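Not measured: the values here are computed from a predicted model.
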Amino acid sequence: MARLTETQQRHLVELSQSYLDGLSSAIAPSILREDNWEVYDAIARAQEINKSLHPIETVVTNSEGAVIAASDPKRHPIGTSFSPNDISKTKAFSYSAGADTANAMRTLSYPGRVAGIIYTTFDTRHLAAERRDVLMALALTNGALTILLAAAGWLLVTHMMRPVRILSEHLGVARETLAVPVPDEIVAKTTGEFGHLFRGYNGLVRSMKEREDLSKRLAEEERLGSLGRLASAVAHEINNPLGGLFNALSTMKTHGHLAGVRSSSLGLLERGLVGIRDVVRTTLAVYRRDSGSRNLVPADIDDLGMLVAPEGRRKYVTIQIDNRLDGPIAVASTPIRQALLNLLLNAVAAAPEGSQVNATVSAGTAALEIVVSDYGGGMPESASAVLTAGYGPPPLDGGGLGLWTTSRLVAEMGGRIEIERLRPSGTTIRLIIPILRAELSDVA
């Protein structure tokens, strides 16, 4: 549009100047002679010749602004004053783009004075119409191009964003359920960075699937391992008192006719079987504490001496138990029996032949204290760590289940374990168990 305006204005200036040149040459002698009719005839001839310029009005004045002649004498009579618009006074040519008229001015000068001034108005409505037609054509063309380019851009963006949409859908599925890979046929059709992105995503999905499968296998192996350790620990805890129980049974077979021996052996068998029953019922007290356990009584400690006696005789180790209890103690009997039995058996296993294992059981107003000492080579650091671990995991290699069970039992009773190394050799283990305020059941 700017170039059209410039072209129209340039052509209009050239034509108007040509018109004024011809008119100036024709009327100059007549102005000097002040022949009004000759000037009028020259104006009429010029307008007739230059119809293509569409001249609307031409006025010729003298230097004082009085009309000499005009194309419309009725509107501008001879001798009247003519006052053109301000632009026509100062500019030789004035035209605004899209305007209906254009104005041109020419001063006729002779040496020493101004002979006259020509004012001309041209009709430019055809140029305005041409401008409107071009503007409409541009608007329609630009609108059509804009719609076409917008549609092409939308299709292009849709095509470009399709891989992103596919990846977003798969990520949404991964968030809701399990991640699924992008189909291979889609990956094969996708090139460039999105192809690399799809292949990287599928690699991530495969890694996640492999990791999930591995986690399931490890969980299953851990479950089976835990069941194996639990079964081993249960068998360990049940097997510990069996030697003493078989010993009591053998005693009854040999000396069962004696009332005292029979009563003592039956009591030992009953308490040992109750202990085994509690072990099975509470599953080593690993997962829950047995709320139906009875109070600890002095006979429970005395039984332990008979239960570990066969193992002591086999190892040529003397077992000395100092039972200082003088009545029921408000602590669960089964966990105490299990813990002390485990410690005694481990002490006998660690003690050298001909040595002695000492155990002391005493109760104060707030806690039950159990002390077991041996004179072996000293407890290894790994065994000490298992014994003091509390709620730590069981040993993975399967060894030290008795110590681990003791640690769990003491921890669940709210107690603590202290280990002291003796000089020159040996180990002392001290269990400190808080006494409950309310008494437990006395039912065996």
Side-chain angles (χ1 to χ4, degrees), residues 1-139 141:
M1 289 302 297
R3 293 185 63 182
L4 176 63
T5 300
E6 181 183 353
T7 301
Q8 287 180 340
Q9 185 170 351
R10 185 175 66 251
H11 289 172
L12 192 58
V13 168
E14 292 175 354
L15 293 174
S16 64
Q17 294 302 317
S18 176
Y19 172 79
L20 291 174
D21 289 342
L23 183 59
S24 299
S25 301
I27 67 174
S30 301
I31 291 177
L32 293 175
R33 295 193 304 269
E34 296 184 357
D35 188 345
N36 301 90
W37 290 106
E38 286 293 333
V39 174
Y40 175 77
D41 289 340
I43 292 174
R45 287 194 303 272
Q47 287 187 332
E48 183 67 23
I49 295 172
N50 296 280
K51 285 184 178 182
S52 61
L53 286 174
H54 305 282
I56 298 175
E57 181 181 72
T58 302
V59 178
V60 180
T61 67
N62 58 20
S63 59
E64 285 78 19
V67 177
I68 297 176
S71 59
D72 188 358
K74 293 182 179 181
R75 185 179 178 187
H76 303 287
I78 296 173
T80 59
S81 177
F82 178 73
S83 299
N85 57 57
D86 295 338
I87 297 177
S88 298
K89 290 180 180 180
T90 58
K91 290 187 176 182
F93 182 84
S94 64
Y95 171 68
S96 298
D100 292 337
T101 60
N103 299 308
M105 181 191 72
R106 173 71 62 84
T107 301
L108 301 176
S109 300
Y110 286 91
R113 65 188 181 94
V114 175
I117 303 173
I118 303 174
Y119 299 97
T120 302
T121 301
F122 300 98
D123 184 3
T124 58
R125 286 177 295 179
H126 63 290
L127 298 179
E130 181 184 4
R131 180 183 177 84
R132 287 192 297 271
D133 292 341
V134 172
L135 181 62
M136 182 63 68
L138 287 175
T141 304

- [ ] Only pairs at least two apart or in different chains count here, so list each ring-ring contact (aromatic ring centres under 6.0 Å, His included) that has a residue in residues 30-73.
- [x] His54-His126
- [ ] Please check if the side chain of Asn36 supplies one atom and the backbone of Ala69 the other of a donor-acceptor pair under 3.5 Å.
- [x] no
Task: Ser24: side chain to side chain donor-acceptor pair (under 3.5 Å) partners, not counting sequence neighbours - done: none
Task: Spatial distance of atom CD1 (Ile118) from atom CD1 (Ile31) [nearest 0.5 Å] - done: 6.0 Å
Between side-chain atoms of residues 43-53 and protein atoms elsewhere (two or more places apart, or another chain), which donor-acceptor pairs fall under 3.5 Å?
residue, atom, partner, partner atom, Å
Glu48, OE2, Lys51, NZ, 2.9
Asn50, ND2, Ala46, O, 2.8

TODO: Write out all pairs satisfying salt bridge (charged side-chain N to carboxylate O under 4.0 Å, His left out) with one or both partners inside residues 11-21, taking only residues at least two apart or from two chains.
DONE: Asp21-Arg106
Task: For Thr5, all residues meeting side chain to side chain donor-acceptor pair (under 3.5 Å), sequence neighbours excluded - done: Arg131
Task: N/O donor-acceptor pair under 3.5 Å between Thr120 side chain and Ala104 backbone - done: no
Task: ring-ring contact (aromatic ring centres under 6.0 Å, His included): pairs with one or both residues in residues 5-34, sequence neighbours excluded - done: Tyr19-Phe122
Task: Residue pairs involving residues 2-11 (criterion salt bridge (charged side-chain N to carboxylate O under 4.0 Å, His left out); sequence neighbours excluded) - done: none
Task: With Thr101 via side-chain contact (heavy atoms from CB on, under 4.5 Å) - residues at least two apart - done: Ile56, Thr121
Task: Counterpart residues, side-chain contact (heavy atoms from CB on, under 4.5 Å), relative to Thr80 (two or more places apart) - done: Val67, Pro77
Task: For Asp123, salt bridge (charged side-chain N to carboxylate O under 4.0 Å, His left out) partners two or more places apart - done: Arg125
Task: Pairs satisfying salt bridge (charged side-chain N to carboxylate O under 4.0 Å, His left out), at least one member in residues 54-76, at least two apart - done: Glu57-Arg75
